[in-house]
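All values derive from a computational prediction rather than experimental measurement.
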Amino acid sequence: QVDLVESGGGLVQPGGSLRLSCAASGTFFVINAMGWYRQAPGKQRELVSTITREGTSTYVDSVKGRFTISRDNAENTVYLQMNALKPEDTAVYLCNALVRQSRWTFDESTYWGQGTQVTVSS
């Protein structure tokens with residue numbers, strides 16, 4: 001079992017910044033990748049950014065140049081620094097982890113955090 005706990009959401013004005021954190025805890029061998037999704041009312045869940053254990057990252061086009069994902073493997077934590085926020089960034093942001101459960105197998109499981117609300121409004 002892996003628990004993911006997000007924090008750092010809130011209300012900011014357009015152009016403002018937030019830093020989201022997601023900490024993983026529980027029993028697992030290694031987290032192969034972590035990422036952030038977001039879901040706004042009436043919209044499909046969208047993959048925002050991912051980062052592998054090695055540090056390779058991806059971003060959806062709409063956040064490139066504004067968001068930065070990073071991770072601390074020792075702490076099993078992923079961060080999302082969000083700058084120049086826009087109203088269209090408003091959503092529940094969900095942490096996701098791709099977890100290898102055991103050193104004895106290569107099976108992977110996906111876990112989700114509870115979500116943290118980001119609201120960008122003046």
Side-chain angles (χ1 to χ4, degrees):
Q1 178 64 36
V2 177
D3 293 322
L4 302 175
V5 179
E6 302 104 329
S7 62
L11 173 64
V12 296
Q13 296 184 22
S17 297
L18 286 173
R19 187 181 189 235
L20 305 183
S21 299
C22 174
S25 62
T27 302
F28 54 87
F29 177 57
V30 68
I31 299 175
N32 288 330
M34 299 184 78
W36 292 93
Y37 287 73
R38 64 186 180 187
Q39 188 161 22
K43 295 185 178 180
Q44 296 272 71
R45 184 173 295 180
E46 176 185 39
L47 177 61
V48 178
S49 183
T50 65
I51 187 166
T52 69
R53 182 175 178 82
E54 295 74 30
T56 301
S57 60
T58 67
Y59 300 92
V60 67
D61 286 345
S62 60
V63 309
K64 288 180 179 177
R66 301 188 297 119
F67 291 10
T68 303
I69 192 169
S70 61
R71 83 279 180 264
D72 184 336
N73 290 333
E75 298 294 332
N76 295 312
T77 301
V78 65
Y79 306 94
L80 187 67
Q81 179 67 47
M82 305 185 294
N83 299 324
L85 283 161
K86 304 175 181 180
E88 49 263 47
D89 295 319
T90 296
V92 173
Y93 283 71
L94 298 152
C95 179
N96 173 266
L98 183 64
V99 177
R100 180 177 170 181
Q101 298 282 11
S102 171
R103 70 169 64 205
W104 310 116
T105 75
F106 293 97
D107 293 342
E108 294 177 323
S109 298
T110 299
Y111 294 88
W112 293 90
Q114 80 286 353
T116 185
Q117 178 70 48
V118 172
T119 302
V120 185
S121 176
S122 59

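- Distance check, rounded to the nearest 0.5 Å: CG of Asp3 to OG1 of Thr27 gives 9.5 Å.
- Minimum interatomic distance between Ser121 and Pro14 (heavy atoms only, all atoms of both residues): C-CD, 3.6 Å.
- The cationic group of Arg100 does not satisfy the cation-pi geometry with Phe28, failing either the under 6.0 Å distance to the six-membered ring centre or the 45° limit from the ring axis.
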Next item on the list: Assess whether side chain to side chain contact (heavy atoms under 4.5 Å, CB included) is satisfied between Ser49 and Val63, documenting all intermediate values.
Entry: CA-CA 9 Å; Ser49 183; Val63 309; 5.6 Å; no

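- Cluster membership check: Ile51 does not share its hydrophobic cluster with Leu98, using side-chain heavy-atom separations under 4.5 Å among Ile, Leu, Val, Met, Phe, Trp and Tyr.
- Contact check for Gln117 versus Thr90: side-chain heavy atoms found under the 4.5 Å cut-off.
- Alongside Val92, the hydrophobic cluster contains Tyr37, Leu47, Leu94, Trp112 (criterion: ILVMFWY side chains under 4.5 Å).
- Side chain of Glu6 to main chain of Gly115: a donor-acceptor pair is present (N/O by atom type, distance under 3.5 Å, no hydrogens or angles).
- Looking at Glu46 and Ser62, their side chains come closer than 4.5 Å, going by heavy atoms from C-beta outward.
- In this structure, the separation between CD on Gln81 and OG on Ser21 is 9.5 Å, given to the nearest 0.5 Å.
- If you take OG on Ser122 and CG on Leu11, they are separated by 10.0 Å, rounding to the nearest 0.5 Å.
- Clustering ILVMFWY residues whenever any of their side-chain heavy atoms sit less than 4.5 angstrom apart, transitively, puts Val118 in a cluster other than the one holding Tyr79.
- Heavy-atom minimum distance, Ser102 versus Phe29: C-CB, 3.6 Å.
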Item checked: Working for side chain to side chain contact (heavy atoms under 4.5 Å, CB included), residues Val99 and Gln101 -> CA-CA 6 Å; Val99 177; Gln101 298 282 11; 4.1 Å; yes

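- Taken from CD1 in Ile69 to OG1 in Thr56, the straight-line distance is 11.5 Å, to the nearest 0.5 Å.
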Checklist line | Test log, rule salt bridge (Lys or Arg N to Asp or Glu O under 4.0 Å), inputs Asp61 and Lys64 | finding: CA-CA 5 Å; Asp61 286 345; Lys64 288 180 179 177; 2.9 Å; yes

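- When all heavy atoms of Gly8 and Leu18 are compared, the pair lying nearest together is O-CD2, 3.6 Å.
- Shown here for Leu4 and Met34, the closest heavy-atom pair between the two residues is CD2-CE, 4.2 Å.
- Taking all atoms of both residues into account, the shortest heavy-atom contact from Ser17 to Val12 is O-CG1, 3.8 Å.
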Next item on the list: Run the numbers on Tyr59 and Thr68 for side chain to side chain contact (heavy atoms under 4.5 Å, CB included), then give the verdict.
Entry: CA-CA 8 Å; Tyr59 300 92; Thr68 303; 3.9 Å; yes

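- Asp89 and Tyr93 make their closest contact through O-OH, 2.7 Å (heavy atoms, listed as atom of the first residue, atom of the second, distance).
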